[in-house]
Amino acid sequence: GRTGIKQDRTSRARGVKRWRGAGNGPTRRVRLRSHRSTAMHLIFDPCWSGPLTALMALAMLAYVIIAWRGGAWSETHSQRAMTLAWALHAFTVWGSLSTDTGAPRFGFAPALSATAWLVLTFYTLERHWFPQLGARLVLSGMGAVTVALSMLFPGQPMHLQASPWLSLHLMFGIASYGLFAAAVVHAVLMTRTEHLIRKAVEVQGTLPFLVLERLTFRFVYAGFALLTATLVMGMIFGEQLYGPGHAWRWDHKPVFALLSWLTFAALLWARFRMGWRGKKALRVLYTGAAFLLLSYVGSRFVLEVLLGRPGT
């Protein structure tokens, strides 16, 4: 009778409350805890040792101080501070790419950090011949950001079946990244210098336009040679380098790498045959650099950060 109807209504009401509160009870608290633990894991990643974390923090601090106060220092003090930051960054790059098993650790953030360190190496060397080269603010900011990213996203160790020659293959790839990144930095300085010349403004704190152009294409030539060697090694010896089951395959990474190679080849050919210079050549350079950035760093960023999967 009536008692049974009341019990049935009560059970239905409880069921509706349970259904409505499913996202607000213990399940939601567990999700929040998991998100907090993930964030803490990113900030305090257990793969970094204490000394390496301290070196990364010191390198970031040095870069930030240079970017913030370096302009008020004398040239000698600024150069010494930049050399100190560069040395700390070198130790962090070496430590972040190595593991206890001997297999290299790699990912989009360590690749960016190593690339930034190479650009700073070229800048430090160039300063000895061209003291008026001024890009300290941009490069110190780039160094601080890349070191911070390598702390948050340390990458994954390569599998143990990989060949010992894999390290050479990765070194060629990162060196080509660094050379093309240095070319892009010089191209940006070229664009700034050309803009000032067109406005009839006295150019200070940089090199003459023709010197910048010559240096830019020297970096492009060297980067193109190393990129060619990297692609040839990957195409012919992919399975020997990465281990069984990791032969060359046509996915996003080699496609973007080949697009960048074709773009740089077209740029160098057009410069040699048709004398390309100025904005037209720089646009092609920027396009090739964007393809190259997407080929490894972009694909690994999507896999590691957006999809949460280890890349290869």
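Bear in mind that the values here come from a model prediction, so they are computed numbers and not experimental data. Position 1 is the first residue of the sequence, and the numbers go up from there.
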Taking all atoms of both residues into account, what is the closest heavy-atom pair of [X] and [Y], and its distance?
X	Y	value
A148	M60	CB-SD, 3.3 Å
I66	S140	CG2-CB, 4.0 Å
L112	T146	O-CG2, 3.8 Å
L88	A59	CB-CB, 3.9 Å
Y177	S295	OH-OG, 3.5 Å

Check the hydrophobic clustering (I, L, V, M, F, W, Y; side-chain heavy atoms under 4.5 Å; chains of links allowed) and say if [X] and [Y] are grouped together.
X	Y	result
V64	M151	no
V138	V185	no
L61	M56	yes
L137	L189	no
F172	L179	yes

Just by distance, do the side chain of H89 and the backbone of S113 share a donor-acceptor pair under 3.5 Å?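 Yes.
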With R198, which residues qualify under salt bridge (Lys or Arg N to Asp or Glu O under 4.0 Å), at least two apart?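 Partners of R198 by the salt bridge (Lys or Arg N to Asp or Glu O under 4.0 Å) criterion, ordered by chain and then number, come out as E194.
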Evaluate R277 against L210 for side-chain contact (heavy atoms from CB on, under 4.5 Å), listing each step before the verdict. CA-CA 10 Å; R277 302 180 63 183; L210 293 179; 2.9 Å; yes
Evaluate the criterion side-chain contact (heavy atoms from CB on, under 4.5 Å) for residue pair H186 and E126; output intermediate values, then yes/no. CA-CA 11 Å; H186 285 74; E126 282 185 297; 2.9 Å; yes
Charged N to carboxylate O below 4.0 Å: is that the case for E213 and R218?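 Looking at E213 and R218, the cut-off is not met.
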Please tell me if the side chains of L139 and M82 come closer than 4.5 Å, counting only heavy atoms from C-beta onward.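 In short, these two side chains touch, coming nearer than 4.5 Å.
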Using a 4.5 Å cut-off on heavy atoms from C-beta on, say whether the side chain of V188 contacts that of Y286.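 When only atoms from C-beta onward are counted, V188 and Y286 do touch, with a gap below 4.5 Å.
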Using distance only, find each side-chain donor-acceptor pair of residues 114-123 under 3.5 Å and give its atom names and separation, not counting sequence neighbours.
residue, atom, partner, partner atom, Å
T115, OG1, A111, O, 2.8
W117, NE1, W86, O, 3.2
T121, OG1, W86, NE1, 2.8
T121, OG1, W117, O, 2.8

Spacing of [X] atom [atom1] and [Y] atom [atom2] [to the nearest 0.5 Å]:
X	Y	atom1	atom2	result
F217	W276	CZ	CH2	10.0 Å
L285	K280	CG	NZ	15.0 Å
M190	F209	CE	CZ	3.5 Å
H195	T193	NE2	OG1	11.0 Å
T287	L292	OG1	CG	12.5 Å

Run through V220, L293, L226 and flag the one making a side-chain contact (heavy atoms from CB on, under 4.5 Å) with F180.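 Checked V220, L293, L226 against F180; only one passes side-chain contact (heavy atoms from CB on, under 4.5 Å): V220.
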Step through the shown structure and confirm whether more than 12 heavy atoms of other residues, nucleotides or ligands are within 6.0 Å of CZ on F91.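 Atom CZ in F91 is not crowded, with 12 or fewer foreign heavy atoms closer than 6.0 Å.
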Check for me whether the distance between the ring centres of F153 and F108 falls short of 6.0 Å.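 Between F153 and F108, the centre distance is under 6.0 Å.
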In a table with atom names and distances, give each donor-acceptor pair under 3.5 Å that connects a side chain of residues 257-270 to protein atoms at least two apart or in another chain.
residue, atom, partner, partner atom, Å
S260, OG, A257, O, 2.6
W261, NE1, T228, OG1, 2.8
T263, OG1, L259, O, 2.7

